[in-house]
Engineer: 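My structure is below; once you've seen it, I'll send some questions.
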Amino acid sequence: MTHEALDLSRLRPRLPSPLREAEDERFSRRGVRLLLKRDDLIHPDLPGNKWRKLELNLRAAAGRTVLTFGGAYSNHLRATAAAGRLLGFPTIGVVRGDELAGRPLNPSLARCAADGMRLHFVDRATYRAKAEPEVLAAIVAEASAAAARGLLPTPPLPEPGLRPGPRSSNAGGAESCRKRQSRLQPHMSWPGNGGVGNLYVVPEGGSNALAVQGCVALGTELRGVADVVGVACGTGGTIAGLAAGLGPAQRAIGFPVLKGGFLGDEIRALQDAAFGAPAGDWTLDDRFHCGGYARTTPELEAFAAAFEERHGLPVERLYVAKMLHGLTTLATEGAFPPGTIVAAVITGRPDAAQPGSAR
């Protein structure tokens with residue numbers, strides 16, 4: 001497949017993504033307007049920041065096999081697998097946890113496999129060290145050789161009625177994310193932002209220089225529309241690009257979904273890789289992660305359910321709910337002066353394949 005043959009426009013992404021106002025007295029009584037930026041409607045299989053982060057990477061991959069990384073419930077793995085099915089290029093997913101190899105696939109990984117992704121399970125210690133050059137090279141060599149020989153294990157499909165269970169621990173959350181992010185730069189500096197022979201390697205979560213550049217469009221779509229833009233943050237790529245695309249009088253607020261306080265350094269590193277310098281005005285509010293990735297609380301669940309009823313918007317719990325809760329709390333605290341227009345980026349929608357989504 002040639003670069004020209006990989007035509008992403010035939011997927012018909014809905015861009016710019018829709019923007020609508022949400023009447024909410026928790027904002028309006030402070031003289032603040034709330035807008036919802038519906039990135040979740042960009043594409044049914046590659047919604048929100050997944051489309052924006054993958055677009056330039058897929059163009060750079062030019063039809064080569066895309067190898068990427070994720071946990072057992074990774075939205076990024078699923079979006080990459082779906083893109084491979086829709087555009088006709090091979091995909092390999094390196095999955096954290098070799099103990100999963102002999103088990104029935106959970107609904108998220110089953111969807112990856114159904115979309116043609118070859119799943120390669122590695123032990124958690126190796127996964128944590130995956131951005132170290134020698135470890136990464138070994139993973140790539142093993143996975144690519146096994147895929148070429150058709151030897152990558154294909155675990156059994158889910159048992160009938162199998163529902164996703166909780167993650168085994170939060171070890172794959174804040175702690176491992178902090179460690180993997182600290183080693184991200186060697187991974188990002190490879191030729192072509194990930195090109196390795198016949199493989200194109202994309203980091204976990206899809207956050208690299210090209211992903212950040214792809215997210216600049218989100219900011220430009222909101223220029224002159226809002227004063228403050230709120231977005232949930234996992235690996236930091238979305239806010240790194242969003243802030244760069246906003247105008248000089250605008251600012252972005254990121255709401256990390258992992259604890260640990262490491263994300264600011266990673267966003268600065270991503271912007272340096274993408275633009276060569278800091279870009280835009282952004283801050284982080286670390287109060288709303290609910291204990292870490294994939295963690296929720298009764299308070300968050302009650303907030304999300306009430307927001308759904310109030311606005312008719314299905315609220316994804318692991319990212320979007322935390323961001324909306326953060327913005328609403330800031331509004332009630334008086335953090336936004338009267339006359340402020342706040343835009344909330346809806347980066348995803350509820351999915352039964354994700355833990356905490358079945359309600």
Side-chain angles (χ1 to χ4, degrees), residues 1 5-6 8 11 43-51 53-55 57-124 126-127 130 136 139-159 162 164 167 172 180 187 194-208 211 234-235 348 351-355:
M1 180 179 292
L6 195 63
L8 274 68
L11 298 183
H43 191 279
D45 294 308
L46 289 82
N49 60 346
K50 301 308 175 189
W51 170 273
K53 291 166 78 172
L54 279 172
E55 180 185 8
N57 275 292
L58 296 184
R59 294 189 189 281
R64 286 175 289 173
T65 297
V66 172
L67 182 147
T68 192
F69 303 81
Y73 291 95
S74 169
N75 288 325
H76 169 67
L77 284 184
R78 286 170 46 208
T80 303
R85 169 178 56 83
L86 293 167
L87 294 168
F89 62 85
T91 57
I92 300 173
V94 178
V95 184
R96 179 180 61 242
D98 58 346
E99 73 278 5
L100 302 174
R103 299 179 185 176
L105 293 176
N106 67 40
S108 185
L109 292 178
R111 190 174 303 175
C112 292
D115 281 339
M117 175 173 276
R118 304 296 297 182
L119 301 176
H120 181 62
F121 297 87
V122 299
D123 66 85
R124 293 172 184 270
T126 298
Y127 191 91
K130 64 187 179 300
L136 181 58
I139 292 173
V140 168
E142 181 182 354
S144 58
R149 298 193 304 270
L151 296 179
L152 283 186
T154 302
L157 292 176
E159 300 169 357
L162 181 68
R167 296 171 187 257
R180 73 170 182 257
H187 193 172
V196 184
N198 291 324
L199 286 177
Y200 187 86
V201 180
V202 178
E204 182 174 25
S207 287
N208 60 7
T235 53
D351 190 326
Q354 295 298 309

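Side chains are part of it too, since the values below use all heavy atoms of this structure and drop only hydrogens, waters and symmetry mates.
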Engineer: Which heavy atom in Pro90 sits nearest to a heavy atom in Gly63, and how many Å separate them?
Structural biologist: CD-O, 4.2 Å
Engineer: Once rounded to the nearest 0.5 Å, what's the spacing between atom CG of Leu105 and atom CZ of Arg111?
Structural biologist: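 CZ of Arg111 is found 13.0 Å from CG of Leu105.
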Engineer: Once you round to the nearest 0.5 Å, how far does CG of Leu58 lie from CZ of Arg64?
Structural biologist: 11.5 Å
Engineer: Distance-only, no hydrogens or angles: does the Arg103 side chain make a donor-acceptor pair with backbone N or O of Leu100 under 3.5 Å?
Structural biologist: no
Engineer: Taking all heavy atoms of Leu199 and all of Ser144, pick out the closest pair and write down the distance.
Structural biologist: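 Closest pair (atom of Leu199, atom of Ser144, distance): CD1-CB, 3.5 Å.
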Engineer: State, to 0.1 Å, how close Glu204 and Gly70 come at their nearest heavy-atom pair, and which atoms those are.
Structural biologist: OE2-CA, 4.1 Å
Engineer: Between atom CG of Leu119 and atom CG of Leu77, what is the distance when rounded to the nearest 0.5 Å?
Structural biologist: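 Reported to 0.5 Å precision, the distance equals 7.5 Å.
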Engineer: Pairs in or reaching into residues 83-92: which pass salt bridge (charged side-chain N to carboxylate O under 4.0 Å, His left out), with residues at least two apart or in two chains?
Structural biologist: Asp45-Arg85, Arg85-Asp115
Engineer: Look up atom OG1 in Thr65 and atom CZ in Phe89, then write down how far apart they are to the nearest 0.5 Å.
Structural biologist: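 Going from the OG1 atom of Thr65 to the CZ atom of Phe89 covers 9.0 Å.
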Engineer: Minimum heavy-atom separation for Trp51 and Leu8, please, with both atom names.
Structural biologist: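 Where Trp51 meets Leu8 most closely, the heavy atoms are CH2-O, 3.8 Å.
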Engineer: Report yes or no: does Thr91 contribute a side-chain atom to a donor-acceptor pair with the main-chain N or O of Thr80 at less than 3.5 Å?
Structural biologist: no
Engineer: Could you work out, with salt bridge (charged side-chain N to carboxylate O under 4.0 Å, His left out) as the rule, every residue matching Asp123, not counting sequence neighbours?
Structural biologist: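 By the salt bridge (charged side-chain N to carboxylate O under 4.0 Å, His left out) rule, Asp123 matches no residue at all.
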Engineer: Using 0.5 Å steps for rounding, measure from the NE2 atom of His43 to the NZ atom of Lys50.
Structural biologist: 15.5 Å
Engineer: Output, in order, the C-alpha distance, side-chain angles, deciding distance and verdict of side-chain contact (heavy atoms from CB on, under 4.5 Å) for Leu54 and His76.
Structural biologist: CA-CA 9 Å; Leu54 279 172; His76 169 67; 4.0 Å; yes
Engineer: Quick check: closest heavy atoms across Ala72 and Ser108, and the distance to 0.1 Å?
Structural biologist: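 It is O-CB, 3.7 Å.
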Engineer: So which heavy atom on Ala143 is nearest to which on Leu67, and how close?
Structural biologist: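 Looking at all heavy atoms of both residues, the closest pair is CB-CD1, 3.9 Å.
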Engineer: Suppose we screen for side chain to side chain contact (heavy atoms under 4.5 Å, CB included). Which residues come up paired with Lys53, at least two apart in sequence or across chains?
Structural biologist: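 Counting only residues at least two positions away or on another chain, Lys53 forms a side chain to side chain contact (heavy atoms under 4.5 Å, CB included) with Asn49, Ser207, Ala211, Cys215, Thr235, Thr238.
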Engineer: Tell me if a side-chain donor or acceptor on Asn57 pairs with a main-chain N or O of Val202 at a distance below 3.5 Å.
Structural biologist: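 It does not hold such a pair.
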Engineer: Check whether Tyr73 reaches the backbone of Pro107 with its side chain - one donor and one acceptor, N or O, closer than 3.5 Å.
Structural biologist: no
Engineer: Stepwise, does the side-chain contact (heavy atoms from CB on, under 4.5 Å) test hold for Met117 with Arg78?
Structural biologist: CA-CA 9 Å; Met117 175 173 276; Arg78 286 170 46 208; over 6 Å; no
Engineer: According to the interplanar angle, ranging from 0 to 90°, do the rings of Tyr127 and Phe69 count as parallel (below 30°), tilted (30 to 60°) or perpendicular (above 60°)?
Structural biologist: perpendicular
Engineer: Distance check, rounded to the nearest 0.5 Å: Leu87 atom CG versus Leu11 atom CG?
Structural biologist: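 Taking CG in Leu87 and CG in Leu11, the distance rounds to 4.5 Å.
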